[in-house]
Structures are given as structure tokens and as C-alpha cells.
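Accompanying notes for the structure given below.
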Amino acid sequence: MSQVSSKKYFSSTRIAFIAVFATLAGILYILKFPMPFAFPGFLEFKFADIPILIGSFALGPVSGAIIVVVGLLIKLVFKGTTTMFVGDLSDFLTSCALAVVAGIIYSKKRTFKGALISMAAGTAAEVTVAILANRFILIPFFAEQYGFGAVVGMMKSLFPDITAENFYNYYLCASVLPFNLLRCIVAVLVTLPVYKRTSKLINKVNDKLTPQTDEAAQRVKKVNIGVLVGGITIVALLVMFTLLRYFVF
């Protein structure tokens, strides 16, 4: 099943479906929740990778990355950040790793086997990026804000033997790795049975909107330009509202 035509990458069909997937991702970023019985409270589980991965499979890796960005902007506008954008940067890096790596591989081999390989590679990429982001971005940020001792203390209920010396062994191997692996597995299990149907739906809509005459092609071209300008405007407004929220008000 082919993706939406790459000759007109930002067609109105593609932009419309990017908007749908990004809105779903934004809502699911907002609805994240902690799992304190298994992981530290600041590692909050989210289902946003599901629409991101489906969108990347159906529309391509570039679209997948755009869905991540717009979804996070929606989350920032409506819910905000509690980590001065550090946690959001981590979400951006991990989700993009999954979407882009899986999307690139699947775009080259659009079969069920290719889907399995791409999802496995995307999962490995997200887990790797998550470990690096937590080691060099998230934990240093929390340590600077609250002190490294406080961060270690937040893990005591899960790992009574944890100390400052062995903190990263416990945190990265017993928390970050299984947490993000679970996050990817959930996204994969939902994506596998629906991505083909989603691609068929997108291509069916695109086929119906494909012009059959030169006159119709000109009308569609104008519509595509209008939709693209509208999409860029919406993204710019999301960025503006985010900046106003945190740096003006």
C-alpha cells in the first residue's frame, strides 16, 4: 500500500491527517499518568506514541516528526510544563526516535515483515535515546533543581538499597529501560492491527480528491496552498501562545 503521493508532499489530505494524528498525540501527552508502584513518579506513562507511530507508518517519517512537534505544542499550550521544557525535550527526542527510525525503515519495505523490523528498530532507538536523555538531560536537571540526594530519595521506595554511587545502575537499567520498552510495546501492539487500514483510508480519501482534469488540478493546487498556509499559521500560533504563556505572562 503506497503512501500519499510524494510528488505533492504537503497535500491537503496529508496535512489534514497530520492535524488529526497531532491532535490525538497532544491529547494523549496531556493525559499522561505516573505508575509509582513500578517506576519513579516523574516517569509518567503516555499513549502519545500510538498516533505518532501510526501517522509515521501511514504518512512517512517526516510527517511523523511533525506530528510529534505539533502534539507537544498542543500539550504545552493547554497543560504547560513542570520541568522548564526539559521533560518535553526528552519526549520530543524519544518520540522522534521511534517515529523517524520506524518510518524510514517501513517506507523502504512496506510489508508485514518490514513493519515488524521497523517497529523493533524504532523501539531500540527510542529506548536508547531515553536512556541517554535521562542520563544527560533529565536527571542533571532534577539534581540541579532539588539536589541529587533528593532525586536518590525519590527512588528509595522502589529500590531501598539505592545510593548516590549506584543510582544510575538502578535508575537506567531497572526504571528507564523497562518503562520505555513498555511504552513502545503498547504503541506497537495497537499500531500493528490498524496501520494498514489507516493507510488504506488515507489513500482512499486522497484518490477521491485527486483531480482528473487540468482545471480541477488548478483548483486542488490552490486548496493545497491554502491548507498549507493554514497549517503553518496554526503551528506559528501554537508557538506564539507557548512563548507568551511562559515568557510574558
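Every value quoted in this text rests on a predicted model; they were computed, and no experiment measured them.
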**Prompt:** Under the salt bridge (Lys or Arg N to Asp or Glu O under 4.0 Å) test, which residues partner Lys32, sequence neighbours left out?
**Reply:** Glu44

Provide the closest heavy-atom pair for [X] versus [Y] in the form atom of the first, atom of the second, distance.
X      : Y      : answer
Ala187 : Ile50  : CA-CG1, 3.7 Å
Val229 : Thr233 : O-OG1, 2.7 Å
Cys173 : Leu177 : O-CB, 3.8 Å
Ile18  : Ser63  : CD1-OG, 3.6 Å
Ala164 : Val152 : CA-CG2, 4.1 Å
Thr83  : Phe141 : O-CZ, 3.2 Å

Determine which pairs satisfy salt bridge (charged side-chain N to carboxylate O under 4.0 Å, His left out) with at least one residue from [range], sequence neighbours left out, and list them in order.
range            : answer
residues 227-242 : none
residues 161-178 : none
residues 132-160 : none

**Prompt:** According to the side chain to side chain donor-acceptor pair (under 3.5 Å) rule, which pairs have a member within residues 124-133, sequence neighbours left out?
**Reply:** Glu126-Arg183

**Prompt:** Is there any side chain to side chain donor-acceptor pair (under 3.5 Å) pair reaching into residues 67-76, and which pairs are they, with sequence neighbours excluded?
**Reply:** Lys75-Asp88

**Request:** Apply side chain to side chain donor-acceptor pair (under 3.5 Å) to Asn166 and list each qualifying residue two or more places apart in sequence or on a separate chain.
**Result:** Thr163

**Item:** Contacts of type side chain to side chain donor-acceptor pair (under 3.5 Å), residue Asn134, not counting sequence neighbours
**Value:** Tyr171

In this structure, would [X] and [Y] fall into the same cluster of hydrophobic residues linked by side-chain contacts under 4.5 Å?
X      : Y      : value
Phe167 : Leu43  : yes
Val194 : Leu189 : yes
Ile131 : Val151 : yes
Val77  : Leu72  : yes
Phe17  : Ile67  : yes

**Prompt:** Does the side-chain contact (heavy atoms from CB on, under 4.5 Å) test come out yes or no for Phe57 and Met119, once each step is laid out?
**Reply:** CA-CA 10 Å; Phe57 268 42; Met119 288 179 180; 3.5 Å; yes

**Request:** Mind running side-chain contact (heavy atoms from CB on, under 4.5 Å) on Lys108 and Ser118 for me, showing each step along the way?
**Result:** CA-CA 10 Å; Lys108 305 297 183 183; Ser118 64; over 6 Å; no

Hey, are the side chains of [X] and [Y] touching, using non-hydrogen atoms and a 4.5 Å cut-off?
X      : Y      : value
Phe85  : Thr81  : yes
Phe148 : Ile139 : yes
Pro51  : Leu28  : yes
Lys46  : Asp91  : yes
Leu24  : Tyr29  : no
Val70  : Phe21  : no

When rounded to the nearest 0.5 angstrom, what distance separates [atom1] in [X] from [atom2] in [Y]?
X      : Y      : atom1 : atom2 : value
Ser90  : Ile137 : OG    : CD1   : 6.5 Å
Leu192 : Leu53  : CG    : CG    : 8.5 Å
Asn180 : Thr123 : CG    : OG1   : 10.0 Å
Lys204 : Thr13  : NZ    : OG1   : 14.0 Å
Leu59  : Ile202 : CG    : CD1   : 4.0 Å
Asp49  : Thr94  : CG    : OG1   : 6.5 Å

**Request:** Mind checking ring-ring contact (aromatic ring centres under 6.0 Å, His included) for Tyr168 and listing every partner two or more places apart, or none if nothing turns up?
**Result:** none

**Request:** List in chain and number order the residues that pass ring-ring contact (aromatic ring centres under 6.0 Å, His included) with Tyr146, two or more places apart in sequence or in another chain; answer none if no residue qualifies.
**Result:** none

**Message:** With no hydrogens and no angle check, just 3.5 Å: does a side-chain donor-acceptor pair link Ser56 and Tyr195?
**Reply:** no

**Asked** Relative to the ring of Tyr170, is the ring of Phe159 parallel (under 30°), tilted (30 to 60°) or perpendicular (over 60°)?
**Response** tilted

I'd like a table of donor-acceptor pairs (distance under 3.5 Å, sequence neighbours excluded) in which one partner is a side-chain atom from residues 33-40, with atom names and distances.
none

**Asked** What pairs with Val69 under side chain to side chain contact (heavy atoms under 4.5 Å, CB included), at least two apart in sequence or on another chain?
**Response** Leu73, Phe92

**Check: Ile104 main-chain N/O paired with Ser107 side-chain donor or acceptor under 3.5 Å** = yes

**Request:** With side-chain contact (heavy atoms from CB on, under 4.5 Å) as the test, would you mind laying out the steps for Leu98 and Ile52 before giving the verdict?
**Result:** CA-CA 9 Å; Leu98 174 66; Ile52 290 169; 5.7 Å; no

**Fill in**
Exactly one candidate in Ile234, Leu238, Thr242 meets side-chain contact (heavy atoms from CB on, under 4.5 Å) with Ile74; the answer is Leu238

